[in-house]
Amino acid sequence: MTTPSIAVTPLVFPEDSGINFGASVSNIDIEKLTDADFDTIRDALFTHQVLVFKNQHHISPAAQYELVRRFDPAATSYGHGKTLDAKRSVLHPDLKTIPHQPQVQVIGNGPVAEYEGLRDIRLKHPHHQTFHATRIPPEDDLDFTRFYRWHIDAALYGLAPPIVTALLAVKVPGGRRQTCRYDDGTGDELDVPLGTTAFVSGETMYNILSDEDKEFVRSTKIEYAPHPYIWMSQAKSRSDGLGIVSQGLELPLDDLPPIEEDKIQILPMCWRNPATGNLAVQVHPSAVRKLHLADGTVIDDLAEVREIVHRLQRPGIAPKMVYSHDWEEGDLVLFHNRGVLHSVVGAFAEDEVRLFRQCNVAASALPEGPLPVTAAA
């Protein structure tokens, strides 16, 4: 009997949508990936940025890790390393590590009696009330929500940003939808499934910029804060989830764990797709600290840095640009962490249990920026 070939089918969106990424993949056994299977997945991922595999209830944490590892065989450690050991990190409450597969984390909401060696755990879905400078009133909490934090999965200190992240939906509460509000004076809002993960394309974020802004992002680098998730732990987010409000709440550098200067990351604003060469605006807006311009100028006024970055990124998260995945149990979503930004979304009732597995590994090399003009000509 002939084995059906792998099918990669682009996702379909309404004509007025600005979403031009995403594909579903079928006829593949992730537990038994051949080299040819992986080559197909790799090509599809760098072409479509987000891949959806349905009905993957059965895959083991080991297979999930192996899929991620194949993108960078020299990489083996979880994408944030041991930074989660710091109790002050904003990431600490959100993740539990699977004991027998430490590169795979459990995230979600509500009580879980037992799962993959974890017992009697209580998961906590990130809620905008804990991180945003303003809040949706409690009486509106189950009807309305916000993007919690637009980000790249990356430590941004010492460790190179992961190439891919794989998310598996184990248990999904269903039946409700919410209105995701930007609350930034634009009136923008988006109808979303409960507990969606929202994605936007960094390539689109680049392509819709003016020529002047394209030149700026191609030639500018971002300096990220040392120990960024501890540094930002007292600060509050903008209402659209795209960066921090400047209120002087960041921790002084002296209050952070010891800083190793060679681990501070200064990365291009644009990251180059290794297969297509396309450029994506890949900036984690909450962790930015300085801008290094092409002429050697360094902008170190934090409020100014944040305003510049927000102005450049905000058009790319407009409602028509956002793919909000409608999770079903068994969905495995693999996304190009160096080509898209994503955000947790949603407000759950206490009895709405959500259980997901997440896997990414710190890359063996930093992302590459635009090619020099002479080399690209």
ask   = Just wondering, do Tyr115 and Ile121 contact through their side chains at under 4.5 Å, heavy atoms?
value = no

query = Do the non-hydrogen side-chain atoms of Ile28 and Leu33 ever get within less than 4.5 Å of each other?
reply = yes

message = Using every non-hydrogen atom in the two residues, find where Leu256 and Pro226 come nearest and quote the distance to one decimal.
response = CD1-O, 3.5 Å

Nearest-0.5 Å distance that lies between atom CD in Glu352 and atom CG in Leu194 = 5.0 Å

Val170 reachable from Val68 in the ILVMFWY side-chain graph, under 4.5 Å edges = yes

task = Show your reasoning for whether side chain to side chain contact (heavy atoms under 4.5 Å, CB included) applies to Val333 and Thr197.
result = CA-CA 10 Å; Val333 172; Thr197 305; over 6 Å; no

remark   = Note: Pro61 and His100 closest approach over all heavy atoms is CG-CE1, 3.9 Å

request  = To the nearest 0.5 angstrom, please state how far the NE2 atom of His336 sits from the CG atom of Leu51.
outcome  = 11.0 Å

ask   = Between Ala349 and Asn109, what is the shortest heavy-atom contact and its length?
value = O-ND2, 3.7 Å

query = Does NZ or CZ of Arg149 lie under 6.0 Å from the centre of the six-membered ring of Phe131, at an angle within 45° of the ring axis?
reply = yes

ask   = Are any side-chain N or O atoms of Gln56 and backbone N or O atoms of Leu168, one a donor and one an acceptor, separated by less than 3.5 Å?
value = no

inquiry  = Running the 4.5 Å side-chain criterion over Ile, Leu, Val, Met, Phe, Trp and Tyr, what cluster does Val245 land in, apart from itself?
reply    = none

ask   = Checking side chain to side chain contact (heavy atoms under 4.5 Å, CB included) for the pair Phe53/Ile59: CA distance, chi angles, key distance, verdict?
value = CA-CA 11 Å; Phe53 303 78; Ile59 69 167; over 6 Å; no

request  = Check Arg289 against Tyr224 and note the closest heavy-atom contact, atom names and distance.
outcome  = CB-C, 4.2 Å

ask   = Do His132 and Asp183 get their side chains close enough for a donor-acceptor pair, meaning under 3.5 Å?
value = no

task = Give the minimum heavy-atom separation between Pro367 and Pro161, together with the two atoms involved.
result = CD-CD, 3.8 Å

task = Please step through side chain to side chain contact (heavy atoms under 4.5 Å, CB included) for the pair Gln101 and Gln64, ending with a clear verdict.
result = CA-CA 10 Å; Gln101 196 68 61; Gln64 185 176 358; over 6 Å; no

query = Would a line drawn from the ring center of Tyr323 to the ring center of Phe13 be shorter than 6.0 Å?
reply = yes

task = Take atom CD of Gln129 as the centre, draw a 6.0 Å sphere, and report whether it contains more than 12 heavy atoms from other residues, nucleotides or ligands.
result = yes

message = Keeping Asp140 on the side-chain end and Pro137 on the backbone end, is there a donor-acceptor pair under 3.5 Å?
response = no

ask   = Is there a chain of hydrophobic side chains (I, L, V, M, F, W, Y, each step under 4.5 Å between heavy atoms) that links Leu267 to Ile308?
value = yes

task = Output yes when a side-chain donor or acceptor of Arg357 lies under 3.5 Å from a complementary backbone atom of Ser60, and no otherwise.
result = yes

message = Taking side chain to side chain donor-acceptor pair (under 3.5 Å) as the cut-off, I'd like each qualifying pair that reaches into residues 302-311, sequence neighbours left out, listed once.
response = Asp213-Arg311, Arg238-Glu307, Asp240-His310, Ser246-Arg306, Glu250-Arg306

task = Decide if atom NZ of Lys236 counts as having more than 12 heavy atoms of other residues, nucleotides or ligands within a radius under 6.0 Å.
result = yes

ask   = With a 4.5 Å limit on heavy-atom distance, are the side chains of Ser24 and Leu11 in contact?
value = yes

key: Aromatic plane relationship, Phe46 with Phe71 - under 30° parallel, 30 to 60° tilted, over 60° perpendicular   = perpendicular

request  = Examine distances only and state if a side-chain atom of Gln265 and a backbone atom of Leu159 form a donor-acceptor pair shorter than 3.5 Å.
outcome  = yes

inquiry  = Any side-chain to backbone donor/acceptor pair from Ser237 onto Ile244? Under 3.5 Å, distance only.
reply    = no

query = Between Arg177 and Ser324, is any side-chain donor less than 3.5 angstrom from a side-chain acceptor?
reply = no

ask   = Without hydrogens or angle criteria, can the side chains of Ser201 and Asn20 be said to hold a donor-acceptor pair below 3.5 Å?
value = no

message = Within the 4.5 Å heavy-atom criterion, are Arg218 and Tyr206 side-chain neighbours or not?
response = yes

query = Going by atom types alone, do Glu329 and His57 pair a side-chain donor with an acceptor below 3.5 Å?
reply = no

ask   = Taking the side chain as C-beta and beyond, is there a heavy-atom pair between Val192 and Phe147 under 4.5 Å?
value = no

ask   = Between Tyr182 and Arg314, is any side-chain donor less than 3.5 angstrom from a side-chain acceptor?
value = no

inquiry  = Any side-chain to backbone donor/acceptor pair from Asn337 onto Pro162? Under 3.5 Å, distance only.
reply    = yes

request  = May I ask whether Val361 and Ile98 are part of the same hydrophobic cluster, defined by side-chain heavy atoms of I, L, V, M, F, W, Y residues being less than 4.5 angstrom apart, directly or through others?
outcome  = yes

task = Would you tell me whether Thr165 and Gln358 have side-chain atoms, one donor and one acceptor, within less than 3.5 Å of each other?
result = no

Lys54 atom NZ: more than 12 heavy-atom contacts under 6.0 Å = yes

query = Has the side chain of Asp326 got a donor or acceptor atom that lies under 3.5 Å from a matching backbone atom of Pro193?
reply = no

key: Minimum side-chain heavy-atom gap Met205-Val217 below 4.5 Å   = no

request  = Test side chain to side chain contact (heavy atoms under 4.5 Å, CB included) on Lys96 and Val112 and set out the steps.
outcome  = CA-CA 12 Å; Lys96 308 288 184 187; Val112 177; over 6 Å; no

task = Taking the side chain as every heavy atom from C-beta outward, state whether His325 and Leu167 have any atom pair closer than 4.5 Å.
result = no

ask   = With ring centroids as reference points, do Phe335 and His342 lie under 6.0 angstrom apart?
value = yes

query = So which of Thr179, Val345, Thr134, Val344 actually passes side chain to side chain contact (heavy atoms under 4.5 Å, CB included) with Arg146?
reply = Thr134

request  = Identify the two heavy atoms, one from Val283 and one from Leu341, that lie closest to each other, and give their separation to 0.1 Å.
outcome  = O-CD2, 3.6 Å

task = To the nearest 0.5 angstrom, please state how far the CZ atom of Arg181 sits from the CD1 atom of Ile136.
result = 4.5 Å

task = Treat each ILVMFWY residue as a node, draw an edge where side-chain heavy atoms are under 4.5 Å apart, and state whether Phe216 and Val298 are in one component.
result = no

ask   = Nearest 0.5 Å, what's the CH2-CG distance between Trp231 and Leu249?
value = 11.0 Å

Lys214 atom NZ, neighbour heavy-atom count above 12 within 6.0 Å = yes

ask   = Side chains of Val281 and Leu209: does their closest heavy-atom pair fall under 4.5 Å?
value = yes

key: Approximate separation, where rounding is to 0.5 Å, of Leu366 CG and Ile266 CD1   = 11.0 Å

ask   = CD of Glu114: more than 12 outside heavy atoms within 6.0 angstrom?
value = yes

request  = State the CG-CG distance between Leu123 and Leu118, to the nearest 0.5 angstrom.
outcome  = 8.5 Å

query = Can a salt bridge be assigned to the pair Asp35 and Arg70 using a cut-off of 4.0 Å between side-chain N and carboxylate O?
reply = yes

